[in-house]
Structure formats: structure tokens, C-alpha cells
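Note that these values count all heavy atoms, side chains included, but never hydrogens, waters or copies made by symmetry. Just so you know, residue 1 is the first one in the sequence shown, and it goes up from there.
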Amino acid sequence: LGRAIKLLRQAFRVDPAYVPAYLHLGRIYDQAGDLEKAMSTYRQALRRDPNNPEIYEAMGNLYDRQGHTDRAVSFHQRAKVLRSGPKPDR
């Protein structure tokens, strides 16, 4: 995992706006049990791409595992809304 983290951090230096790298790093921290770093990384991703449903889903899952059910539901709902896309004009 250390090598993966190092490579992802290098990716940030090349392109600080590359959101998939933040998502991958957040998942690595999450799987390693470092929930604070995972959440911090997801928040960085969210600041860069506030309309990305994958970020809301990941944060919702993390909140759920931490027992923050209300926050988890809110983030999952936001992910669902973003996935549904804009409503067509009628």
C-alpha cells in the first residue's frame, strides 16, 4: 500500500485536479482502516468535483460504517440525485 500511496501523491503533483486519484487514495486509506485520512481525502476530492456521485457514495459508505446514519443517508441521496442527472424540460 505504501507504494500505491506514494504513486498517487505523485499524481497529485502532476495534476492536482485529477479526482480519480483522490478517490483511489481515499479507498486505500479506508481499506487500511485510517478513516480520518480517508475522509480527508474524499473531502479534497469533493472540493475539486462537487458534482461527482462517486465521492458522495464513498463518503456515505464511510459515514455509515462510522455509525453516522443521518449523514450517510444524506450523502447517498445526493449521489442518487447526481446519478439521475438533470431532468429534461417538458
Side-chain angles (χ1 to χ4, degrees):
L1 291 178
R3 178 139 171 85
I5 291 170
K6 183 178 179 180
L7 290 171
L8 287 167
R9 287 186 177 159
Q10 287 174 351
F12 298 148
R13 284 192 285 275
V14 172
D15 184 358
Y18 187 60
V19 171
Y22 289 91
L23 281 167
H24 290 302
L25 184 58
R27 289 181 184 125
I28 289 170
Y29 285 137
D30 189 358
Q31 291 172 359
D34 194 336
L35 304 185
E36 283 185 35
K37 282 187 179 178
M39 188 59 77
S40 174
T41 304
Y42 290 145
R43 285 185 182 123
Q44 290 176 53
L46 192 60
R47 281 194 297 274
R48 286 161 176 79
D49 189 1
N51 294 314
N52 186 323
E54 285 184 67
I55 302 167
Y56 285 93
E57 194 69 35
M59 292 176 78
N61 291 338
L62 190 55
Y63 279 130
D64 190 41
R65 285 196 315 285
Q66 292 176 323
H68 301 293
T69 307
D70 290 344
R71 283 186 181 175
V73 168
S74 175
F75 275 77
H76 286 298
Q77 287 174 339
R78 180 68 179 147
K80 184 177 178 180
V81 167
L82 290 170
R83 281 195 175 97
S84 68
K87 302 292 183 212
D89 292 335
R90 293 183 178 211

Problem set entry | Sequence neighbours excluded, every pair satisfying ring pair (Phe, Tyr, Trp, His ring centres under 6.0 Å) that has a member inside residues 25-50 | none
Exercise. Considering residues at least two apart in sequence or located in another chain, which fulfil the ring pair (Phe, Tyr, Trp, His ring centres under 6.0 Å) criterion with Tyr56?
Worked result: Phe75
Exercise. CG of Asn51: more than 12 outside heavy atoms within 6.0 angstrom?
Worked result: yes
Exercise. Under the side chain to side chain donor-acceptor pair (under 3.5 Å) test, which residues partner Asp34, sequence neighbours left out?
Worked result: none
Problem set entry | Rounded distance (nearest 0.5 Å) linking atom CD of Gln10 with atom NZ of Lys6 | 6.0 Å
For this session: Determine, using the 4.5 Å side-chain heavy-atom cutoff (strictly less than), whether Tyr18 and Ile55 are members of one ILVMFWY cluster.
Result: no
Problem set entry | Shared hydrophobic cluster, Leu35 / Met39 (ILVMFWY, side-chain heavy atoms < 4.5 Å) | yes
Exercise. For Gly60 and Ala72, which heavy atoms make the closest approach, and how far apart are they?
Worked result: O-CB, 3.3 Å
For this session: Could you tell me which non-hydrogen atom of Ala38 sits nearest to which non-hydrogen atom of Leu62, and how far apart they are?
Result: CB-CD2, 4.0 Å
For this session: With the side chain counted from C-beta on, respond yes when Arg71 and Gln66 share a heavy-atom pair under 4.5 Å apart, and no when they do not.
Result: no
Seminar exercise, completed: All heavy atoms of Arg48 vs all of Ala17, minimum pair found to be CD-CA, 4.2 Å
Exercise. Can you tell me if CD on Glu36 sees more than 12 non-hydrogen neighbours from other groups inside 6.0 Å?
Worked result: no
Exercise. Quick one: which of Leu46, Ile28, Asp30, Leu25 gives a side-chain contact (heavy atoms from CB on, under 4.5 Å) with Thr41?
Worked result: Leu25
For this session: Quick one: closest heavy-atom pair of Leu23 and Asn52, and the distance?
Result: CD1-ND2, 4.4 Å
Exercise. Hey, are the side chains of Val19 and Glu54 touching, using non-hydrogen atoms and a 4.5 Å cut-off?
Worked result: no
Exercise. Would you say the side chain of Val81 lies within less than 4.5 Å of the side chain of Gln77, judging by non-hydrogen atoms?
Worked result: no
